[in-house]
Amino acid sequence: MGMDYSRIEDWILRENSFDPEKLGKCEAVMSLGNGYLGLRSATEERYLNETRGLFVAGTFNKFDENEVTELPNAADMTAIHLSVNGERFSLTEGIAEDYTRELNIRTGELRRSVTWTSPKGVKIRLAFYRIVSLKRLHVIAQRVEIVPVEEDVRVEIKSGINGKMANTGSQHFSDGDKRFYDKRVIQFVQTTGQSKIDFVDTTVHKLALDGEILPMEAEVYIERREIFAGYSVDIKAGRTLSVEKYSSVYTSRDLDMEGKTAAQIQELAVETSRELESLGYEVLKDESAKQWEEEVWNLAPIRIEGNVLDNFAIHFAQYHLRLMVPAHDARMNIGAKGLSGEGYRGHTFWDTEIFLLPYYIFTAPKTARKLEEYRYLSLPGAHAKAAHNHYQGAMFPWESAWLDDGEVTPEYMDVDILTGKPNKVWSGFIEQHITSDVAFGVWQYSVITGDEDYMEKYGYELIMDTAIFWASRLEPGEDGRYHINDVVGPDEYREHVNDNAFTNYMACWNMKKAMEYYHLLKDEKPEIFTRLNEKLSLDAAYGGWKEGCEKLYLPAPTKENILPQDDRYLSCRDIDLSKYKAQENVGGITRDYNLEQINRIQVSKQADVLVLFFLLEDIFPQEVKKASWKHYEARTLHDSSLSLSTHSVLACDMGEKAMAYDLFRRAASIDLGPFMGSSNAGIHAASFGGVWECVVYGFGGVRMLGGRLRINPSLPEGWTELSYTIIWKGQKLAVDVTKDAVNVENLTGTKKVEIEINGEKHVL
Ligand code: BGC
């Protein structure tokens with residue numbers, strides 16, 4: 001599908017003025033990365049309120065016994081201190097004119113420019129450029145240009161590696177080996193305290209005056225946890241000094257470094273620096289931009305005609321969806337903040353399966369497979385959690401980090417406004433739906449991609465093992481039925497509830513799927529059946545699944561057609577929620593009521609029953625969905641960024657187009673919108689998956705229903721055309737929707753594809 005990508009407004013996120021009090025949001029939303037490295041876009045010069053951050057996927061470390069494992073904030077290599085005639089460059093002093101900072105999401109380049117007059121009146125023009133290479137996973141490249149406007153100046157530069165970074169105070173690294181090679185290449189080796197991962201950080205500078213290389217030796221500064229080079233250059237007015245800085249990070253956890261000693265990695269990193277230096281910033285930037293083109297924009301093109309902002313929003317989502325995903329290594333997964341901040345400690349949640357996976361399944365199935373292999377590789381942690389709680393099978397951790405860590409949810413967070421004590425986080429103990437979410441992800445992946453190899457190696461086992469957990473989790477009640485008591489469902493404003501509809505229906509689905517696969521394997525793949533039967537005692541488990549499904553209590557809709565979220569929700573009191581519905585920042589209600597009180601109000605933090613309708617779409621009648629949507633939407637504060645997109649997709653399904661569009665706009669504004677504080681600790685990963693779901697599942701009408709592909713598009717007011725591609729069982733389909741036509745073309749064309757479009761069956 002030929003897309004016209006030429007409009008610049010589809011690609012540039014711009015900041016036109018600098019506010020030193022509000023740095024966090026831009027640092028996060030303009031962050032750079034490649035799934036291995038994630039770099040917050042803190043400026044080269046440092047400010048009091050900044051939060052610098054560089055994260056390497058999967059390098060978890062536990063600071064001490066009282067803290068959970070987290071992704072450590074690695075040494076900073078992007079700071080470059082500049083002084084002009086002895087005056088330090090800082091935008092909090094002097095006068096700044098023509099300031100802009102732009103992230104080009106198409107090429108992945110960050111640019112900033114300003115004309116700065118120092119407090120003593122020296123005027124210089126500055127431009128800063130930066131990329132994290134998508135082509136070379138270990139590489140960060142920067143370029144700074146300095147032009148004195150009116151008079152000759154002396155510029156002093158101090159730049160190197162700062163290993164004093166911490167995660168809000170927790171220092172994860174020992175002070176390690178520091179080296180200067182040839183008075184040019186700077187290297188610093190640090191090792192994480194508990195997980196003992198070596199980080200080899202290396203950087204080198206190249207200076208040029210009007211393009212002519214300056215053969216300079218650096219002044220060397222080696223101090224505790226830092227190593228710097230200093231340069232001093234005289235520049236005549238109107239001439240351009242450029243400083244290029246090429247940095248790399250390798251760790252002993254990297255798959256491509258396996259078997260290498262720290263000394264060998266150090267040597268390799270020095271060679272890399274020399275290679276980067278000889279290539280130069282422009283070449284590195286261009287090859288990375290080409291990679292973006294090939295890997296993202298040409299592979300999964302989407303275009304919305306009729307609204308430039310929405311078109312940008314979907315590209316922005318795709319940009320971050322690439323930054324956050326460790327497509328290079330199945331031993332790690334996506335963090336709730338991607339790699340853009342310390343929030344949620346780099347941990348993986350149900351966000352992956354329910355909100356993010358669909359994007360990768362439909363556009364980059366190989367990457368989706370990696371995310372699903374991670375769940376298989378982390379089975380030891382799931383078994384340990386089940387055993388710890390006296391259950392059987394695989395009980396997945398609510399928050400996951402390294403493969404065998406098991407549960408890593410912190411135990412306390414925030415404050416109870418009534419008691420003044422920290423709130424206990426119950427999710428790690430009783431938010432158990434994650435286990436069937438994982439199974440659901442496996443099923444979705446396998447049906448949409450048709451990847452039987454994955455199923456045979458990992459998928460069938462995951463579905464059986466999770467079903468074994470559920471059968472052991474059921475509690476017999478006095479009514480002769482099974483119940484699942486004392487849980488937190490997706491809506492985290494309700495703790496210790498019984499028979500949460502989402503949890504029960506999904507547990508039942510999980511056990512039913514295991515039974516279905518039991519028969520399929522027995523009949524069609526006896527070797528795999530025998531292997532798994534030996535490993536998991538499937539014959540013995542089957543009876544438990546059957547009885548579990550038959551007897552599990554599944555909440556039924558009320559006579560008003562409302563599906564009860566749990567056994568108490570509908571009998572709780574209603575309060576006037578308008579104040580919280582209109583709030584600018586999320587969580588307002590927790591500042592007026594404590595969680596115990598919230599538990600007794602009909603109020604939801606996020607979609608719960610509605611996620612169930614979204615996942616198990618074909619088992620609930622339309623009238624139940626409609627009545628429930630109305631009931632819960634009025635009581636949902638969307639205090640989780642995961643919520644709006646689900647409500648939008650369902651509003652679309654129910655023909656509530658204006659409402660669907662409004663919810664989509666709000667979902668797209670979570671990180672792009674005006675509320676400055678909301679993204680400080682990192683972008684909201686799942687909400688980007690949600691934005692894609694709004695566009696492709698909601699307005700684009702795509703759904704996998706019981707193994708079949710369905711497309712029922714319906715464009716919102718103002719959109720004249722929507723084009724996207726999806727990969728269905730290895731066949732890439734280009735879908736083009738206008739107000740009165742739907743065109744689907746099979747671009748791969750090697751297999752027949754059956755689709756239902758607006759209720760009619762078609763074969764491509
Ligand atoms: C939400 C969870 C989500 C987590 C990470 C919480 O605020 O309630 O559903 O998994 O954030 O994004």
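Start at 1 and go down the list; that is how both ligands and their atoms are numbered. Everything quoted here is computed from the prediction, not taken from an experiment.
Cys508 is linked by a side chain to side chain contact (heavy atoms under 4.5 Å, CB included) to Lys512, Cys549, Leu552, Leu554, counting only residues two or more places apart in sequence or in another chain. Listed by chain and number, the residues in a salt bridge (charged side-chain N to carboxylate O under 4.0 Å, His left out) with Glu407 are Lys385 (sequence neighbours excluded).
You'll find the side chain of Asp310 reaches within 4.5 Å of the side chain of Tyr661, heavy atoms only. The closest side-chain heavy-atom distance from Tyr724 to Thr363 is not below 4.5 Å.
For ligand 1, the polar-atom distance check finds an N/O of Lys605 within less than 3.5 Å of one of the ligand's N/O atoms.
Residue contacts with ligand 1: Tyr493 is excluded, as none of its non-hydrogen atoms falls under 4.0 Å.
The protein heavy-atom contact nearest to atom 5 (C) of ligand 1 is Asp351 OD2, 3.3 Å. Among protein heavy atoms, the minimum distance from atom 2 (C) of ligand 1 is reached at Glu492 OE2, 3.7 Å. Protein heavy atom in closest approach to atom 11 (O) of ligand 1: Tyr344 OH, 3.0 Å.
Between the side chain of Thr590 and the main chain of Gly587, a donor-acceptor pair closer than 3.5 Å is present.
With ligand atoms numbered from 1 in the order given, ligand 1 contributes 10 (O) to contacts under 4.0 Å with heavy atoms of Trp398. Close contacts between ligand 1 and Ala336 involve ligand atoms 5 (C), 12 (O) [criterion: under 4.0 Å to a heavy atom].
Other residues, nucleotides and ligands place no more than 12 heavy atoms under 6.0 Å from the CD atom of Glu584.
Taking 4.0 Å as the cut-off between side-chain N and carboxylate O, Arg703 and Asp653 count as a salt-bridged pair.
In Asp639, neither the side chain nor the backbone holds a heavy atom less than 4.0 Å from any atom of ligand 1. Using a 4.0 Å cut-off between heavy atoms, Phe355 makes no contact with ligand 1 at all.
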